[in-house]
Amino acid sequence: MNEKISVGISSCLLGEKVRYDGGHKLDHYLKDTLGLQVSWVPVCPEVETGLPVPREAMRLVSGSQGPRLVTIRTGIDLTERMQRWAEKRLKELEKADLCGFIFKSRSPSSGMKSVKVYDSSGVPTHAGVGVFARAFMDQFPFIPVEDDGRLHDPALRENFIERIFVFKRWKEMKNKGGSLKDLIAFHTDHKLLILGHSPKHYTMLGRLVADAKKQEKELLHAEYLTTLMDGLRLVATTKKNTNVLLHVAGYFKKQLSAEEKEELLEVIETYHKGLVPLIVPIVLINHYVRKYDEQYLKRQYYLHPHPTELMLRNHV
Ligand code: SF4
C-alpha cells in the first residue's frame, strides 16, 4: 500500500477558520499525527453551500419529516439548500476514493450522532444527525466514520484507524478484479484481525468464504463486506485480544523452548491483567514470527494493522 489513504474530514478540524463565529476547531492529533499517514479531503458543508464566515449560528429543530436545519435568531430553514448541495458534493466525493470520514461532533451540519434536536418548546434531545453527515452515511454506508470527540478514546481511535486501513485493502482487492482467489487471500490475511473484534463474525465470514462458489460474485462481495464491517465496528477488548494472542502462541508449540513458551505466556498474561499495552506481546510475537519464518502469521494484519508511528497499541 504505497499511496496515502484518502480520508474526508470536517474542515474546521484541520484549523480552517470556517466556523460560524470565524473560528476553527483544530485537532492537533488529526492534523499533525494522523495527517502524516493519510491524505485529507476537507469538507465544510456550511461554507460550501455559500454561507459566509462569520454567519448566524444554526441548529436542528424537529419537524414532521425529520429534523430541519434552521438559523437560531432569524429562523431561516436551510435544510433543502444543504441537501441539494450535498447531492452534488457526494457525487464528487465518489471519485475521491475515500476510505473514511471524520466529522465534527455536535454540529447540526456535520455531527454524525447525538446532535441536539430542539422541539417546538426549545427543549433539546440528543437524538440527531447533522444534515450533511446523514446524507454522507446514507450514500456511503460502508465507509468507516467517526467524530473528533469519540476519537479521543484510545480504543475507538484504534478501531476507526484499523477500519480505514482494512477498507483501503478491500478496495485494492476489488480493483485487482476481486476474483475468488483474491477474496480468499484477503480473508486469510485478515483472519486474526477479525477474530480480535468478533469471534462470531469470524465464524460467519469463514462460512461465507467456504461456500463462496455457490454465490454470484457481487452478492458475495456485498455480503462479505457488510459482515466484515459489522464485525470490525465491535471494539477489540483485552479479553478478545488475549484470546487471539493465545491462539497465536499455539503456532510456536514446536519451535519455542520451554523458557521461551513460559515467557510468551507470561507476557500475554501481563497484558491480560492490564499491566502492559498490547504492543508488548505483539512485539515479542513478531520477533518469533521473523525468527521462525512463520508464513501464516507473517501475512496476518493483526500483527501490523496500521503504521507503528501512530502508536495505537501503546495504551493500557
Ligand atoms: S462543523 Fe462542519 S459546517 Fe461547521 S464549521 Fe466545521 S466543517 Fe463547517
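Just so you know, ligand 1 is whichever comes first in the structure, and atom 1 is the first atom listed for that ligand.
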- Show all protein N/O/S atoms under 2.8 Å from atom 6 (Fe) of ligand 1, or state that there are none.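 Counting only protein N, O or S atoms under 2.8 Å from atom 6 (Fe) of ligand 1, the list reads C12 SG.
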- Is the centre of the F103 ring less than 6.0 Å from the centre of the F136 ring?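 Under 6.0 Å, so yes.
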- Task: Grab the two heavy atoms, one from P42 and one from W40, that are nearest each other, plus how far apart they are.
- Result: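 Where P42 meets W40 most closely, the heavy atoms are CD-O, 3.6 Å.
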- Item | Closest non-hydrogen atom pair, V53 against K17 |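 Closest heavy-atom pair between V53 and K17: CG1-O, 3.6 Å.
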- Ligand-residue contact atoms, ligand 1 with V43, heavy atoms, under 4.0 Å: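 Taking each heavy atom of V43 in turn, ligand 1 has 7 (S) under 4.0 Å.
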- Query: Within 45° of the ring axis of Y302 and under 6.0 Å from its six-membered ring centre, is that where the NZ or CZ of R313 lies?
  - Reply: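 R313 over Y302 ring: yes.
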- Cation-pi check, R169 onto Y301 ring (under 6.0 Å, within 45° of axis):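 Relative to the ring axis of Y301, which defines the angle, R169 lies inside both limits.
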If you look only at distance, which donor and acceptor atoms sit under 3.5 Å apart when one is on a side chain in residues 147-156 and the other is two or more places apart or in another chain?
from	atom 1	to	atom 2	distance (Å)
D147	OD1	G149	N	3.0
D147	OD1	R150	N	2.8
D148	OD1	S105	N	2.7
D148	OD1	S105	OG	3.1
R150	NE	E146	OE1	2.7
R150	NE	E146	OE2	3.1
R150	NH2	E146	OE2	2.8
D153	OD1	A155	N	2.8
D153	OD1	L156	N	3.3

